[in-house]
Each structure stands twice: as structure tokens, then as C-alpha cells.
Amino acid sequence: MEISTKEDAILIILKELDASHEKVIRMYFGLGKDPNSSIEEIGQDLNLTSDEVIELKNEGIREFIKLIVSTGIFGDKDKDFTDKFIQSNDSQFLDNFMTKFIGSN
């Protein structure tokens with residue numbers, strides 16, 4: 001499977017995260033050479049509970065967003081948009097952001 005330039009950029013940004021956040025996000029969203037994995041599969045692989053995997057995934061997405069925001073790519077003058085994501089505890093909301101950002105289905 002060929003990795004797109006956009007995915008290359010995302011993988012570079014993910015390397016800035018804590019290793020556990022990076023691994024969970026790569027596995028969950030199927031980035032790089034990691035296939036998409038369910039929360040349960042990730043938990044089994046990493047010897048974590050489902051709740052721990054979800055917490056790592058959500059924290060990782062929020063940290064990823066902070067890194068993206070720091071580049072100024074969103075031009076979010078009033079920060080309303082980014083604050084919603086950074087402060088969100090809604091796993092589905094964060095997953096939807098990442099899915100749209102990376103271009104997954």
C-alpha cells in the first residue's frame with residue numbers, strides 16, 4: 001500500500017506525540033503500515049482496557065489538534081473552533097475530526 005504525501009505529513013506530526021498516543025492513533029485510524037484496529041484489538045495488543053485505549057486515543061487527537069493549530073493552518077482568530085476540539089471529551093466528535101482530517105472513510 002502506497003502512503004500519500006498528506007499521510008506522510010500526518011505521520012510526521014504524529015511523531016511529535018507521546019509514543020503511546022502515536023501508536024494508538026496509528027492503529028485506530030490505520031495510518032502508515034498499521035491496519036485499522038478496533039478499540040478492543042488495540043487493547044489486546046497493548047495490554048490495556050478499552051477505556052484506557054479510548055482515553056489515549058482522545059488525548060492523542062487533542063494533542064494532534066494542538067500541534068496543527070500551532071502551525072496556523074486553521075487561521076482560527078477567535079479560537080472557538082479549536083477550543084471545541086481541544087476541550088472535547090466526546091470520542092465520536094474527535095474521531096469525526098480525525099477521519100475528515102486524514103481523509104479516511
Side-chain angles (χ1 to χ4, degrees):
M1 179 175 121
E2 189 174 314
I3 298 175
S4 71
T5 304
K6 182 177 182 179
E7 188 171 343
D8 282 339
I10 290 168
L11 291 170
I12 289 168
I13 295 167
L14 285 176
K15 289 198 178 291
E16 297 296 317
L17 301 177
D18 174 89
S20 58
H21 291 135
E22 177 191 4
K23 180 68 175 166
V24 168
I25 290 173
R26 287 174 63 110
M27 292 175 74
Y28 187 76
F29 291 102
L31 295 168
K33 296 180 181 177
D34 290 311
N36 283 71
S37 299
S38 70
I39 295 294
E40 293 77 18
E41 292 169 329
I42 296 168
Q44 289 172 356
D45 275 1
L46 303 178
N47 198 28
L48 299 169
T49 67
S50 293
D51 287 341
E52 290 170 327
V53 173
I54 291 168
E55 185 176 333
L56 282 171
K57 176 185 62 68
N58 291 347
E59 288 171 358
I61 293 171
R62 286 190 294 269
E63 289 302 313
F64 178 83
I65 293 168
K66 287 178 188 176
L67 289 169
I68 296 299
V69 168
S70 72
T71 69
I73 194 170
F74 289 124
D76 191 11
K77 294 176 190 165
D78 58 10
K79 293 191 168 214
D80 286 343
F81 170 77
T82 52
D83 284 348
K84 285 181 186 176
F85 287 95
I86 292 170
Q87 296 170 2
S88 178
N89 289 320
D90 182 344
S91 192
Q92 186 65 41
F93 182 73
L94 294 168
D95 288 357
N96 287 340
F97 169 84
M98 278 302 284
T99 300
K100 288 177 183 176
F101 190 84
I102 62 179
S104 296
N105 292 329

message: When you compare the side chain of Y28 with that of L56, does any pair of heavy atoms fall below 4.5 Å?
response: no
task: Could you verify whether a donor N or O on one side chain and an acceptor N or O on the other, from D51 and T49, lie under 3.5 Å apart?
output: no
task: For residues K23 and D34, report the shortest heavy-atom separation together with the two atoms involved.
output: NZ-OD1, 3.6 Å
message: Can you give me the closest heavy-atom contact between N36 and E41, atom names plus distance?
response: O-OE1, 4.3 Å
task: Report the distance from atom CE of M98 to atom CG of L94, rounding to the nearest 0.5 Å.
output: 9.5 Å
message: Contact between L46 and V53 at the side-chain level, heavy atoms closer than 4.5 Å - yes or no?
response: no
message: How close do G60 and I25 get, counting heavy atoms only, and between which atoms?
response: C-CD1, 3.3 Å
- prompt: Say you draw a straight line from CG of L14 to NE2 of H21; how long is it, rounded to the nearest 0.5 Å?
  reply: 11.5 Å
message: Does K6 qualify as a cation-pi partner of F101, given the criterion of NZ or CZ under 6.0 Å from the six-membered ring centre and within 45 degrees of its axis?
response: yes
- request: Quick one: list whatever passes side-chain contact (heavy atoms from CB on, under 4.5 Å) with I54, sequence neighbours left out.
  value: I39, N58, S91
- request: Would you check if I61 and D95 make a side-chain contact, meaning some heavy-atom pair closer than 4.5 Å?
  value: yes
task: First locate atom OG of S38, then atom CD of Q44, and finally report the distance between them rounded to the nearest 0.5 Å.
output: 7.5 Å
- line: L17 and F64 have their tightest heavy-atom pair at CD2-N, 3.8 Å
task: Starting at CZ of R26, measure out to CD1 of I10 and round the result to the nearest 0.5 Å.
output: 11.5 Å
task: Answer yes when R62 and E59 have at least one side-chain N-carboxylate O distance shorter than 4.0 Å, and no when they do not.
output: no
- prompt: Is the side chain of E7 donor-acceptor paired with the backbone N or O of G32 at a distance under 3.5 Å, no angle test?
  reply: yes
- request: Would you give the length of the straight line joining atom CG of L31 to atom CG of D8, rounded to the nearest 0.5 angstrom?
  value: 11.0 Å
